[in-house]
Amino acid sequence: MQIELVDLKLQYQTLEDEVIAQITQVLKGMNLYLGENVFHLEEEFAQYCGVSHAIGVGSGTDALYLSLLAAGIGKGDEVITVSHTFAATAEVIALTGARPVFVDVDLETYTMDISQLEAAITTKTKAILPVHIYGHPAEMDAIMAVARKHNLFVLEDACQAHGAEYKGARAGGLGDAAAFSFYYAKNLGAYGEGGIVVTKDRQLASRIQMLRNHGAKEKYRHTLIGLNSRLDEMQAAILRVKLPHLDRWNARRRTWARHYTSQLSDLDDGIVTPVELPNTKHVYHLYVIRTAQRDELQRWLKAHGIATGIHYPVPVHLQEAYEYLGYKPGSLPVTEAICESILSLPMYPELTLDQISYIRQCIGDFVVGKRHRRKSQRDLFSPSIIKETNVRK
Ligand SMILES: *Cc1c(COP(=O)(O)O)cnc(C)c1O
């Protein structure tokens, strides 16, 4: 059996007729930018997130970047975020001229460790940028409480969290603004590049609207220094076909996650499965397990036709581009330990129960094989990680 990490062809087959019809419409009209599809998608996606404004932009990275610019973040400022994320999160902070300040993550949810947040605040801190990593919301109540106390702007990196929920509210409606990516492999993906900012703040929304289009409110009248980051009509039309299916697709992901977790829990040693905190809804952009034998398990699964991924193998604070920030190995112990042990298993709505069972079977064979080859099972766990844990009671 061959199983991809993400298989997008299956989903396209179910949407093909409608997608082709919509693309044809756009092409016949030849109105390719900032037309009715972008306009309607903005309305529909804002409503989906429970907020009043949405601004379609060129990518998730731009959605983050333009939000920070619109909030006035720049040179001399500090923005607190996490290092356990895709590099874009920190990149956009640096691009504004501000300094990314990293705090460690929680070992259970892999989101920002809120116990470290307040200590990272200085007189230069202007914003907090939590990441709903893998589709699990960050602890937004605590983050918003700290932000309100210190008058900080909160931008959610919701690029992996379309439809995720925290205490009954959707990701995107939790902070002051949120950035989503429509990268093709995200839970809601275009067939090209795209992103969107959502916010309840009308003034912020209006600044982002200008920034994405060279800072112009009307053509050739430039109020702000912006750039070209418009979501195009073709992508918006495709996304409008897909948005009504998002909840059903997320429900499927959650079903597969439940099957993975219950089947892998039977193995009872060596494999740590993902956690969903009470009052949150995880949308499993990625299904990530942890094991001390990560590299061996990855090779084993590959040999059995199963593709896996590592999200992400090197934390941002140890990347060459961010050396200037002065972080060293050991700066963020949980983040660094996680990178050594995480493994993303195949996850997409069109998976089947047979495929999950086959993957479980292969992981089971691996664990049993290990047990025969080793006297001690102790090293199936990573003691260094277990010690760092701040496990919730
Ligand atoms: C995908 C992603 C981004 C960037 O989105 P693009 O659309 O690829 O620019 C930013 N942050 C996180 C956490 C992501 O997963």
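Atoms within a ligand are numbered from 1 in the order they appear, just like the ligands themselves. If you read the sequence from its start, that first residue is 1, and numbering goes on from there.
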Aromatic ring pairing His214/His222, orientation class (parallel under 30°, perpendicular over 60°, tilted between): perpendicular
Those atoms of ligand 1 less than 4.0 Å from some heavy atom in Ala88: 10 (C)
Mode of Ile133 contact toward ligand 1 - side chain, backbone, both, neither (heavy atoms, under 4.0 Å): neither
Polar contact flag, side-chain donor to acceptor under 3.5 angstrom, Gln209-Asn213: no
Nitrogen or oxygen atoms of Gly60 and ligand 1 under 3.5 Å apart: yes
Heavy-atom nearest neighbour of atom 14 (C) of ligand 1 within options His285, His311, His84, Lys186: Lys186
Candidate with minimal heavy-atom separation from atom 7 (O) of ligand 1, of Ala185, Ser59, Ser181: Ser181
Protein residue, atom and distance nearest to atom 15 (O) of ligand 1, heavy-atom basis: Gln160 NE2, 2.8 Å
Heavy-atom pair of closest approach, residues Ala88 and Thr61: CB-OG1, 3.7 Å
Flag, side chain of Gln235 to backbone of Tyr191, donor-acceptor distance under 3.5 Å: yes
Per-atom contacts, ligand 1 versus Thr85 - under 4.0 Å to a heavy atom: 13 (C)
Ring-ring centroid check His84 Tyr134, cutoff 6.0 Å: yes
Atom of Thr96, atom of Leu69 and distance for their closest heavy-atom approach: CG2-CD2, 4.1 Å
Atom 10 (C) of ligand 1: the protein heavy-atom neighbour that sits closest, reported with distance to 0.1 Å: Cys159 SG, 3.5 Å
Within 6.0 angstrom of Leu353 CG, more than 12 heavy atoms from elsewhere: yes
Shortest heavy-atom approach to atom 4 (C) of ligand 1 - which of Thr61, Thr89, Asp157, Val57: Thr61
